[in-house]
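Have a look at the structure below, then the notes.
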Amino acid sequence: MLVSEVIVFIIYLAFMLSIGVYFFFKNKDGGEKTYFLGGRQMGAWVTALSAGASDMSAWVLMGLPTSIYALGLGQVWISVGLAIGYTLSWIYEAPRLRRFSIVANDSITIPQYLTNRFLSRSRALQIICAAVFLVAYTIYSASSIKACGTLFNTVIGMDATLAMYLAAIIIISYTFLGGFSAVCWTDFFQGMLILGAMLIAPIFAAARLEGATGGAIPGEYWNAFTSWKDIVSGLAWGLGYFGMPHIIIRFMSLKSQRELKKSAKIGIAWTVLIVLFAALIGVIGRMFLGYDESINQNSLVFIAIVRRIFPGVISGILLSAVLAASMSTADSQLLAAASAFASDVYKPVIRKNRATDKEMLWIGRAVVAVIAVCALMIASNPNAGSIMSLVSNAWGIFGAAFGPTIMLSLFWKKLNFKGAAAGILVGAAVDIGWLVFLSSTGIYEILPGFIAGLIAAAAVSALTGAPGRDVQALFDKAAAYKE
């Protein structure tokens, strides 16, 4: 089994690298917009599965199922919240964000969009956004790299730290080479692999439950209504989608509104299936495997099911889904952080808009490498926390900081530049403060952070006056924009 799994892993990783090499040569003459946004030429299927795969990191195969495996159905509210939030983001946020980003001087990053949306010459908002990006994405990427280390350590006995270095090198390579197009196409294939693995594993495990020796399961395990805090915190995960840059940037990359509608149907269906089967993996895993503290500690329920049921080649393919989930999120995060720094800090602030397209490409690539190294240092630290905790921390910061401001920028004409900056700063500060000082309340920090950011953005805008007529005219133009 071991040799077969290793061979499958090698073939899979080589395929991912080949995509990066292909787009490196295909787009070698492309500029900043091509590298960071694919030239706004992405199709429905690639965009939908790429958005989903970049969202569903290894935590959906390892962290979330193991949380349900260990703690019970009270954790399924995370799946419910994610399904609702993702659906609403495609229906309400995606169409307007694509139109608004085009009208706002063809913006290619979220910080750039927020600045252009208010016709501001100040770079303060871009710098604030880029700083949040760099911190949160480093933490988020660390969870993906850590998952790769856990996988290789569990399956082939490779030293976990060495495995993390290997995974980081692969991810850096194809992101470094191919940019947004390579990231989207690798995510497309990885999205199909993740879905296939998550459908197959629990179905086969359920078919073998009759002979399983899982042991007795406490009655309270089956209670989904454990407490109002679990329900509210689980549902609050859905708020993250409105401000998750590496996901909503896909909305901006679509080539037409028609493709967006098709992409929305595909993406929503994919995500609903993923979160449903993540819950099933946790529940069936508990029934099939019984409770094992080592499975809980290392988030191994999916890996344990697959290795117990399937022969080497099949288990290697299914376990490659963990690599797919890890890499598809890490690459998107690295690229989003690199684009934020290169386009929103380096070009306008450091180089005063004198940077050439070639220079911007190499700066973006350098930032990809630097953030990956920092993420690797966090992931290899034994005190860094679990995969699920790293994801929840980064998810909370993004959702609280950007969600309220982006939604208001799309739907509220009276939001002004100062209000947008206040919403981002207050949302992030309250989220972090709640995590550090009030996590014992049992309320996920994204909820108070999101509410605080929303109130701050609205209050500051109301107190400092409506935006100028030109800004309001841009809002009207974007709202009415048709291709």
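Bear in mind that the values here come from a model prediction, so they are computed numbers and not experimental data.
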Enter the distance from [X]:[atom1] to [Y]:[atom2] here, rounded to the nearest 0.5 Å.
| X | Y | atom1 | atom2 | value |
| --- | --- | --- | --- | --- |
| Leu435 | Ser392 | CG | OG | 7.5 Å |
| Ile268 | Thr87 | CD1 | OG1 | 4.5 Å |
| Ile110 | Leu125 | CD1 | CG | 11.5 Å |
| Asn153 | Lys146 | CG | NZ | 11.5 Å |
| Leu134 | Ile139 | CG | CD1 | 11.5 Å |
| Ile127 | Ser122 | CD1 | OG | 7.5 Å |

Testing the basics here: between [X] and [Y], what is the closest heavy-atom pair and its distance to 0.1 Å?
| X | Y | result |
| --- | --- | --- |
| Cys374 | Thr138 | CB-CG2, 3.7 Å |
| Leu260 | Phe251 | CD1-O, 4.4 Å |
| Ala142 | Leu390 | C-CD1, 4.3 Å |
| Ser233 | Gly442 | OG-O, 3.2 Å |
| Leu166 | Met158 | CD2-CE, 4.5 Å |
| Ala163 | Gly149 | CB-CA, 3.8 Å |

Pair Trp395-Leu82, side chain to side chain contact (heavy atoms under 4.5 Å, CB included): steps then yes or no: CA-CA 12 Å; Trp395 187 268; Leu82 291 171; 3.8 Å; yes

Decide yes or no for [X] and [Y]: does some side-chain heavy atom of the first lie under 4.5 Å from some side-chain heavy atom of the second?
| X | Y | answer |
| --- | --- | --- |
| Val283 | Tyr221 | yes |
| Leu319 | Phe302 | yes |
| Thr66 | Leu300 | no |
| Ser79 | Leu64 | yes |
| Phe277 | Pro65 | no |
| Ile424 | Cys129 | yes |
| Pro245 | Tyr137 | yes |
| Leu88 | Phe242 | yes |

Could you please spell out the steps behind the side chain to side chain contact (heavy atoms under 4.5 Å, CB included) verdict for Val367 and Ile371? CA-CA 6 Å; Val367 174; Ile371 295 174; 3.5 Å; yes

Is a donor on one side and an acceptor on the other found under 3.5 Å between the side chain of [X] and the backbone of [Y]?
| X | Y | result |
| --- | --- | --- |
| Ser227 | Asp230 | yes |
| Trp77 | Ala224 | yes |
| Asn116 | Ala104 | yes |
| Ser380 | Met377 | yes |
| Ser461 | Ala458 | no |
| Asn105 | Ser107 | no |
| Arg286 | Tyr69 | yes |
| Ser409 | Ile406 | yes |

Note: Glu359-Lys347 ion pair, threshold 4.0 Å (strictly below): no

Does the gap between the ring centers of Tyr113 and Phe118 come in under 6.0 Å? no

Taking the six-membered ring for Trp, are the ring centroids of Trp270 and Tyr86 within less than 6.0 Å of each other? no

Check step by step if side chain to side chain contact (heavy atoms under 4.5 Å, CB included) holds for Trp434 and Ile446. CA-CA 9 Å; Trp434 194 279; Ile446 193 174; over 6 Å; no

Are a donor atom and an acceptor atom from the side chains of [X] and [Y] found within less than 3.5 Å of each other?
| X | Y | value |
| --- | --- | --- |
| Tyr444 | Ser439 | no |
| Glu93 | Tyr241 | no |
| Asn296 | Tyr291 | yes |

From CA spacing to verdict: side chain to side chain contact (heavy atoms under 4.5 Å, CB included), Gln112, Thr115: CA-CA 5 Å; Gln112 199 177 93; Thr115 298; 5.9 Å; no

Below 30° counts as parallel, above 60° as perpendicular, anything between as tilted: where do the rings of Phe398 and Tyr140 land? tilted

Quickly, which of Leu235, Val232, Asp431, Val430 forms a side chain to side chain contact (heavy atoms under 4.5 Å, CB included) with Leu447? Name it, please. Val232

Six-ring centre of Phe411, Arg96 cation under 6.0 angstrom, axis tolerance 45°: yes

